[in-house]
Structure formats: C-alpha cells, structure tokens
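Since the structure comes first, as structure tokens, the remarks are kept for the end.
Just the heavy atoms: all of them, side chains too, but no hydrogens, waters or symmetry mates, feed the values below.
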Amino acid sequence: MVSREHKLREAMHEKLQLLRSITNSHALNDSTIVLDASKYIEELKQKVEILNQDLEAAQASSDQNPLPVATVETLEKGFLVNVSSDHKRCPGLLVSILEAFEELGLNVQQARVSCADNFLLQAVGENEEQAESNDVQVVKEAMVQAIKNWSTGSTELE
C-alpha cells in the first residue's frame with residue numbers, strides 16, 4: 001500500500017513539474033505551480049480573444065467590396081474596355097459604364113457581360129462621327145469615374 005501511494009505522489013510530482021515547465025513557472029511548491037498555471041491559462045484566453053477580434057476585423061475588411069478594375073486598350077477604330085470585379089452582384093454598374101460611353105460619344109459596337117461567378121464587362125466602343133476623337137487616357141479616366149460614381153451611389157442605397 002505504501003508503494004502505491006508513493007507511485008501516486010511521484011506521478012503527481014512529475015505532472016506538476018511538467019505543468020511548471022509548460023507554464024514557465026519558477027515556483028517551487030505545488031500550490032504556487034497551480035496558481036501560475038491558472039494565470040497562464042487566463043493569459044492564453046486573452047490572447048485567443050485578441051486573435052479572434054483581429055480575425056473578425058480582417059474578415060470584415062475583406063468582405064467590403066473592392067472597387068471593380070477597368071482597363072482600356074486602343075483599337076483601330078475605338079477602344080476595348082474591360083471592367084471586372086470579384087463580386088457578381090454589382091447592380092447598376094453596367095448602367096454607369098454605358099452612361100460614361102454615351103458622355104464620351106462612344107457607340108458600343110460589341111459587348112459581353114457576365115455576372116455568373118464575378119462581374120465582367122468587355123465592350124468595344126467607337127467614336128461617333130460628330131464627336132471628337134478620344135484619347136485612351138480620357139476613356140480610362142471616364143471608366144474609373146463611372147466606377148467611383150457607381151460605388152458611392154450603391155453604398156448610399158444600402
């Protein structure tokens with residue numbers, strides 16, 4: 001019976017020493033080791049809470065819709081405009097872009113629009129006969145402005 005109690009005490013001592021090393025405790029008596037372990041657990045809980053808050057903040061910022069991206073290339077008789085967004089729900093964006101085409105005096109000769117997995121517009125616009133010729137930079141700026149106008153208008157509606 002003595003040997004069984006001795007083995008139990010020895011096992012308990014080993015476990016307390018392991019707890020002491022895991023928690024970086026410098027305590028010498030058993031009760032202080034347990035108190036240090038308790039404080040260590042509380043510190044870990046606080047760290048987990050802070051990490052969860054950071055994770056929620058990161059997810060919230062990634063959930064905010066980044067603005068769509070526009071590229072413009074010069075073609076022989078006009079421009080190729082590509083507008084893409086990682087989000088498929090962009091209500092009103094197509095209208096804003098087409099209004100920008102109209103303001104620039106560009107006729108849409110051909111267009112493809114998709115919103116299956118994400119929003120994608122590819123359009124060929126040519127200058128109207130009476131309109132003055134546009135520069136690629138002017139068209140690009142008009143597309144960026146149309147996207148910005150759409151973005152501020154869509155956030156006001158939400």
Are side-chain heavy atoms of Val113 and Phe119 found at a separation under 4.5 Å? yes
To the nearest 0.5 Å, atom CD of Glu126 lies from atom NZ of Lys77 at 6.5 Å
Pairs satisfying salt bridge (Lys or Arg N to Asp or Glu O under 4.0 Å), at least one member in residues 8-19, at least two apart: Glu5-Arg9
Qualifying salt bridge (Lys or Arg N to Asp or Glu O under 4.0 Å) pairs, either residue in residues 95-109, two or more places apart: none
Distance, nearest 0.5 Å, that separates CZ of Arg20 from CD1 of Ile22: 13.0 Å
What residues form a side-chain contact (heavy atoms from CB on, under 4.5 Å) with Ile147, not counting sequence neighbours? Leu67, Pro68, Ala70, Val83, Leu93
Contacts of Arg112 meeting side chain to side chain donor-acceptor pair (under 3.5 Å) (sequence neighbours excluded), chain-then-number -> Gln122
Once side-chain contact (heavy atoms from CB on, under 4.5 Å) is applied, do any residues pair with Val136, and if so which ones, sequence neighbours excluded? Val72, Thr74, Phe79
Does one hydrophobic cluster hold both Val108 and Val81, with members joined at side-chain heavy-atom distances below 4.5 Å? yes
Indicate the atoms forming the closest heavy-atom contact of Ser85 with Cys90, along with that distance. OG-SG, 3.8 Å
Might you point out which heavy atoms bring Phe101 and Ala123 nearest each other, and give the distance in Å? CZ-CB, 3.9 Å
Rounded to the nearest 0.5 angstrom, the CG-CG distance for Leu106 and Leu98 is 11.0 Å
Who clusters with Leu44? Use side-chain heavy atoms, under 4.5 angstrom, across I, L, V, M, F, W and Y, and order the result by chain and number. Tyr40
Name each donor-acceptor pair under 3.5 Å that joins a side chain in residues 25-34 to protein atoms two or more places apart or in another chain, with its distance.
from	atom 1	to	atom 2	distance (Å)
Ser25	OG	Ala27	N	3.1
Ser25	OG	Asp36	OD2	2.5
Asn29	OD1	Ser31	OG	3.3
Asn29	OD1	Thr32	N	2.9
Asn29	OD1	Thr32	OG1	2.5
Asn29	ND2	Thr32	OG1	3.4

Can you name the side-chain contact (heavy atoms from CB on, under 4.5 Å) partners of Ser84, sequence neighbours left out? Val69, Leu120
Tell me whether Gln17 at atom CD has more than 12 heavy atoms from other residues, nucleotides or ligands lying less than 6.0 Å away. yes
Hey, quick one: are Leu35 and Ile41 part of the same hydrophobic cluster, counting side-chain heavy atoms closer than 4.5 Å, chains of contacts allowed? no
side-chain contact (heavy atoms from CB on, under 4.5 Å) filter on Lys7, not counting sequence neighbours, yields none
Taking ILVMFWY side chains as joined if any heavy atoms are under 4.5 angstrom apart, and letting links pass through other members, which residues group with Val124? Leu75, Leu80
Could I get the full list of salt bridge (Lys or Arg N to Asp or Glu O under 4.0 Å) partners for Lys45, not counting sequence neighbours? Glu42
Working to the nearest 0.5 angstrom, can you tell me the gap between Asn149 CG and Ser151 OG? 9.5 Å
What residues form a salt bridge (Lys or Arg N to Asp or Glu O under 4.0 Å) with Glu76, not counting sequence neighbours? none
Just so I know, are the side chains of Met143 and Leu104 near enough to count as touching, which here means a heavy-atom distance under 4.5 Å? yes
